[in-house]
**Q** 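Have a look at this one.
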There are 2 protein chains.
Amino acid sequence: MRLSIMKANLSYTDLLDLIEDNGSRITGQRRDIVNLLVARREGFTPEEINNELPNVGRATVYRTIKLLVNSGVLCKLTLPDSSIKYALAQISHHHHTVCVKCGIIGEFRDSTVERLLKAIDSDIDGDIVGHRLELHILCPECTRTRE
Amino acid sequence: MRLSIMKANLSYTDLLDLIEDNGSRITGQRRDIVNLLVARREGFTPEEINNELPNVGRATVYRTIKLLVNSGVLCKLTLPDSSIKYALAQISHHHHTVCVKCGIIGEFRDSTVERLLKAIDSDIDGDIVGHRLELHILCPECTRTRE
DNA sequence: CTCATTGCAAATGGTTTGCATTGGG
DNA sequence: CCCAATGCAAACCATTTGCAATGAG
């Protein structure tokens with residue numbers, strides 16, 4: 001089995017549909033934000049979204065992020081330096097890779113991880129109800145340009 | 001192999017030694033904080049430490065936490081609700097379990113995890129240089145009293 | 001004695017909220 | 001039309017910092 005960083009598979013339209021399914025309205029600002037999110041895969045800080053969309057207020061950016069996180073299409077990531085980034089969920093159940101140098105975020109899925117958790121479950125006091133696995137990597141680009 | 005949540009194995013004296021090794025001084029306030037840390041294993045918020053030690057200033061609590069984190073004896077954890085807790089590192093390389101209900105923090109070590117990472121490494125674009133694995137569990141106590 | 005450490009209060013930075021206004025359906 | 005969503009600025013909250021006072025070695 002070949003794992004690799006996968007491309008986004010949630011489209012602009014998918015995201016807007018999810019917002020509607022959530023009982024929320026599709027507004028110009030939300031279109032702008034979603035549009036920005038699908039155009040990139042590296043992950044965003046609210047600050048970055050705010051800078052790129054001067055016509056969307058800071059509060060709206062935060063409110064939309066919360067909306068998307070609650071809908072399960074956006075993931076909140078804690079980087080090694082404790083800073084926060086958000087990245088689009090791209091596949092149903094997955095994990096993230098974070099380059100410790102350039103910060104680029106990838107995603108991977110490996111059923112081995114799930115199997116591992118099942119194995120550990122039987123040996124832990126309590127039931128595993130969720131997990132967070134982030135791999136801190138040095139991406140190919142940064143490996144190449146390592147000084 | 002039997003895994004279980006392990007008891008702390010870093011003593012009060014160990015921690016003070018580590019502070020000295022770090023080139024820092026042992027002060028009354030640092031003694032108080034370290035004393036509190038070793039007395040419990042659930043993990044702390046800075047706020048909690050501050051409340052329990054009225055004679056230690058807030059800034060000192062934060063400065064000491066940073067000192068200990070940098071020395072590698074205290075781990076910063078991000079809970080499922082994005083709040084932050086600190087827990088004593090208890091074994092060299094390990095992972096944490098966090099009860100999603102009561103918040104109690106446990107620790108486990110499983111070489112299977114390390115082996116898994118090695119396996120994944122060969123299939124990912126980039127080199128794995130670190131990772132964060134947190135298991136969100138429902139601890140035995142909370143399972144028992146589940147309403 | 002000297003310099004690291006402390007306490008305090010002020011500053012910071014990211015996120016949220018209150019409220020009047022706007023705009024989608 | 002109506003109520004959800006927005007923008008703005010003020011509020012918040014955890015954490016950090018400047019600086020004068022303290023204390024460990």
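A note on names: the letters A, B, ... follow the listed sequences, proteins ahead of strands, and every chain is numbered from 1.
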**Q** Report whether A:L67 and A:L15 are members of the same hydrophobic cluster (ILVMFWY, side-chain heavy atoms less than 4.5 Å apart, transitive linking).
**A** yes
**Q** In whole Å, I'd like the distance from the CZ atom of B:R31 to the P atom of D:dG23.
**A** 14 Å
**Q** Using the closest heavy atom to pick a nucleotide of DNA chain D for each, name whichever of B:R63 or B:K76 lands nearer the 5' end.
**A** B:K76
**Q** Without decimals, in angstroms, what is the distance between B:E20 CD and C:dT5 P?
**A** 11 Å
**Q** So, the side chain of B:D14 versus the backbone of B:S11: is there a donor-acceptor pair under 3.5 Å, distance only?
**A** yes
**Q** Please confirm whether the shortest side-chain N or O distance from B:K66 to OP1 or OP2 of D:dT15 is below 4.0 Å.
**A** no
**Q** Between atom CG in B:L53 and atom P in C:dT5, what is the gap in whole Å?
**A** 18 Å
**Q** Can you find a side chain N or O atom of A:Y62 that sits less than 4.0 Å from OP1 or OP2 on C:dT16?
**A** no
**Q** For A:D32, is there any backbone N or O sitting under 3.5 Å from a side-chain donor or acceptor partner on A:N35?
**A** no
**Q** Starting at CG of A:D32 and ending at C1' of C:dG24, how long is that distance when rounded to a whole Å?
**A** 15 Å
**Q** Could you state the CD1-P distance from B:I49 to C:dT6, rounded to the nearest angstrom?
**A** 13 Å
**Q** Tell me whether the side-chain N/O atoms of A:R58 come closer than 4.0 Å to OP1 or OP2 in C:dT15.
**A** no
**Q** Given atom CG of B:N70 and atom P of D:dT16, what is their separation to the nearest angstrom?
**A** 11 Å
**Q** Does A:Q29 have a side-chain nitrogen or oxygen under 4.0 Å from the phosphate oxygens OP1 or OP2 of D:dG7?
**A** yes
**Q** Can you tell me how far P of C:dT15 sits from CD1 of A:I84, to the nearest Å?
**A** 7 Å
**Q** Has A:R30 got a side-chain atom pairing as donor or acceptor with A:R25's backbone, closer than 3.5 angstrom?
**A** yes
**Q** Once rounded to the nearest 0.5 Å, what's the spacing between atom CG of A:L16 and atom OG1 of A:T27?
**A** 9.5 Å
**Q** Would you mind classifying the nucleic acid contact of A:T45 as base, sugar-phosphate or nothing, using non-hydrogen atoms under 4.0 angstrom?
**A** nothing
**Q** Is any N or O donor-acceptor pair between the side chain of A:R30 and the base of C:dG24 shorter than 3.5 Å?
**A** no
**Q** Rounded to whole Å, please give me the gap between CZ in A:R25 and C1' in C:dT22.
**A** 11 Å
**Q** Classify the nucleic acid contact of B:N55 as base, sugar-phosphate or nothing, counting any heavy atom under 4.0 Å across all strands shown.
**A** sugar-phosphate
**Q** So, OP1 or OP2 of C:dG24: does either fall under 4.0 Å of a side-chain N or O from A:T27?
**A** no
**Q** Would you indicate which nucleotide in C:dG7, C:dG25, C:dT17 comes nearest to any side-chain atom of B:V56?
**A** C:dG7
**Q** Map B:I26 and B:E47 onto DNA chain D by nearest heavy atom, then report which one ends up closer to the 5' terminus.
**A** B:E47
